[in-house]
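For reference, the structure discussed in these notes is given below.
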Amino acid sequence: MSEEKLPKQSENFSEWYNQLIQKAELADYAPVRGCMVVRPYGWALWENIQKALDGRFKETGHVNAAFPMFIPMSFLEKEKEHVEGFSPELAIVTIGGGQTLEEPLVVRPTSETIIGHMYSKWVQSYRDLPILINQWANVVRWEMRTRMFLRTLEFYWQEGHTAHETAEEAEEETLKILDLYTDFAVNEAAVPVIPGIKSEAEKFAGANRSYTIEAMMRDTKALQSGTSHNLGQNFAKAFDITYLDRNNELQYAWTTSWGVSTRFVGAIIMSHGDDQGLILPPRLAPIQIVIVPIYKNEEAKQKVMPVVKQLEKQLKQFRIKVDDRENVTPGFKFNDWELRGVPLRIEIGPRDVENNSLVVAQRDIPGKEGKLFLSMDHIADQLTTILDDFHNRLLQRATDFRDSHIHKTDNYEEFKNIVQQGWAYAYWCGNAACEAAIKDETKATTRCRPLDQEKSEGKCVYCGESAEYRTYFAKAY
RNA sequence: CGGGGUGUAGCGCAGUUGGCUAGCGCACCGUGUUUGGGACGCGGGGGUCGGCGGUUCGAGUCCGCCCACCCCGACCA
């Protein structure tokens with residue numbers, strides 16, 4: 001429950017974000033720098049994200065397993081790019097049970113290495129492939145600068161790790177997962193994302209190719225919201241994942257990895273929230289509908305509460321909460337649940353009981369405009385439709401916002417202005433030097449080259465050399 | 001790691017040139033009146049003043065060291 005008003009998004013987006021997380025009780029600062037405690041409301045949201053993703057993984061033939069959190073230091077060192085990428089941010093355990101360990105143990109920053117090690121034991125023949133394993137886990141990356149959900153020392157995620165017979169199958173898997181992530185983001189979270197390919201500089205340490213779904217937050221910054229990597233044979237060679245193929249010849253397997261983390265909670269907060277607080281997408285919201293009973297005295301309460309209880313039973317198919325707190329006023333409750341982003345609020349007072357009606361307030365439409373005055377008849381069906389419409393409006397609003405802040409440009413001066421308040425969509429020659437110079441001069445990084453883009457003729461927005469594709473450039477989290 | 005800032009009740013803060021039993025708002029507990037857009041009265045509980053050491057008759061206040069966190073930078077899937 002919170003008393004003071006939230007800062008306005010337009011005035012201080014970053015404070016808005018930090019305070020909202022605490023006031024809405026999604027998470028709290030832990031006593032360790034850079035770590036967070038995910039509170040029940042935040043975790044319930046994450047659980048719904050998990051459910052939506054996990055179902056999709058299972059439908060596409062993946063299974064869950066669990067690998068250890070401790071990884072021998074030497075494993076990390078087996079893949080050169082991988083260790084170079086991760087060594088600055090490793091947490092390393094050197095003492096166990098009071099004894100200095102013979103070999104330090106790394107707290108996993110990601111599990112390619114230890115899973116690669118196991119796959120080399122499990123894979124002998126092409127008949128053992130593909131392996132399609134996912135794990136839900138926590139990982140640790142010792143970041144310099146942290147932010148709740150977006151970048152914490154420890155975070156929760158799923159990491160899928162697959163091994164395949166051929167390069168083609170691995171690439172197919174990588175793209176299949178990118179599609180799955182896109183479908184999840186759009187249809188569950190109402191977060192419009194742009195699926196694309198990462199530049200060499202931005203790709204995963206040890207991957208041949210990294211794909212991403214990029215989302216625009218309401219301050220126009222980009223957030224990488226999920227990634228899918230084609231690891232080629234890099235890890236197979238480092239960990240000796242070999243198999244006898246159909247011609248009885250020894251081959252290295254082709255592997256992939258992919259992940260979505262608690263960072264996605266940040267994506268939801270910053271894609272949909274407004275000055276009143278959170279707006280949660282109905283398919284993921286821990287509470288989809290809150291019922292606030294309204295009465296002035298005991299007599300009115302006796303009339304209202306039985307109807308509320310009856311309605312609660314009738315609406316079991318929804319994630320529903322009756323706010324029967326006696327110590328706060330309905331007005332307070334309205335603001336409280338709006339802060340927490342509950343999509344729909346049902347108000348039932350004596351007048352409604354008389355009329356067999358109720359009031360439904362929609363979180364995304366402020367004030368009286370958003371209130372629907374409905375009959376109790378067929379109320380569940382009505383609410384189903386209202387929630388679907390809600391989802392569609394959220395998605396539409398986020399998409400419109402994004403599209404109106406993306407600008408195509410072929411001029412570097414214009415480019416510099418665009419990335420101050422949006423994304424630039426510009427030709428880039430692919431040269432890392434241009435990418436680095438742009439980052440240096442504008443703070444904008446390459447986000448991705450969208451997959452649905454046709455090859456065309458253009459000139460790099462920075463150096464003027466010929467270029468075949470446009471790339472999104474933006475400031476990013 | 002560099003620059004800046006802050007540590008006093010759960011949160012936000014005040015506490016003057018060192019001086020009485022360390023205060024205020026919100027939150028919390030009890031109670032009564034309230035309740036369709038953030039209610040109010042009355043009565044309560046809660047503190048090793050970040051830590052250690054020093055100066056002093058006396059330290060939240062002055063000095064030294066340490067610790068933690070925040071912001072900016074460097075860094076970063």
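Quick note on labels: first sequence line is chain A, next is B, and so on, each numbered from 1.
Residue contacts for A/K198: at a heavy-atom cut-off of 4.0 Å it reaches no nucleic acid atom on any strand shown. At a threshold of 4.0 angstrom between heavy atoms, the contacts of A/P88 with the nucleic acid are absent.
Counting atom types as modelled, A/D352 pairs a side-chain N or O with a base atom of B/G36 as donor and acceptor under 3.5 Å. Judged by atom type and distance alone, A/K371 reaches the base of B/G37 through a side-chain donor-acceptor pair under 3.5 Å. Side-chain atoms of A/R141 stay outside donor-acceptor range of the base of B/C76, with no qualifying N/O pair under 3.5 Å.
Of the residues in residues 287-315 of chain A, A/I294, A/Y295, A/K296 come within less than 4.0 Å of RNA chain B through at least one heavy atom, sorted by number. Of the residues in residues 418-436 of chain A, none lies under 4.0 Å from RNA chain B by heavy-atom distance.
Taking every side-chain heavy atom of A/E347 into account, B/G36 is the closest of B/G36, B/C76, B/A74. Across B/G38, B/A74, B/U35, the shortest atom-to-atom separation from the side chain of A/N335 is found for B/G38. Here B/G37 is the nucleotide among B/C76, B/G37, B/C75 with the atom lying nearest to any side-chain atom of A/R345.
Looking at A/E173 and A/T256, their side chains never bring a donor and an acceptor atom within 3.5 Å of each other. Using modelled atom types, one finds no donor on one side chain facing an acceptor on the other under 3.5 Å when comparing A/Q50 with A/Y156. Between the side chains of A/K443 and A/Q420, not a single donor N or O lies within less than 3.5 Å of an accepting N or O. Defined by atom type and a distance below 3.5 Å, a donor-acceptor pair is missing between the side-chain atoms of A/H161 and A/S257.
For the pair A/R363 and A/F390, the NZ or CZ position fails the cation-pi test of under 6.0 Å to the six-membered ring centre and within 45 degrees of the ring normal.
Between A/T329 and B/G38 there is no side-chain N or O to OP1 or OP2 distance below 4.0 Å.
Under the 3.5 Å distance criterion, the side-chain polar atoms of A/Y181 are left unmatched by any main-chain donor or acceptor of A/S228.
Looking at A/R325 and A/D336, a side-chain N of the basic residue comes within less than 4.0 Å of a carboxylate O on the acidic one, giving a salt bridge.
RNA chain B forms stems at B:1-7 with B:67-73, B:10-13 with B:23-26, B:28-33 with B:39-44, B:50-54 with B:62-66, each a run of 3 or more consecutive Watson-Crick or G-U wobble pairs whose two key distances fall under 3.5 Å.
Annotation: A/W46 is not in aromatic contact with A/F149 [ring centroid separation under 6.0 Å not met].
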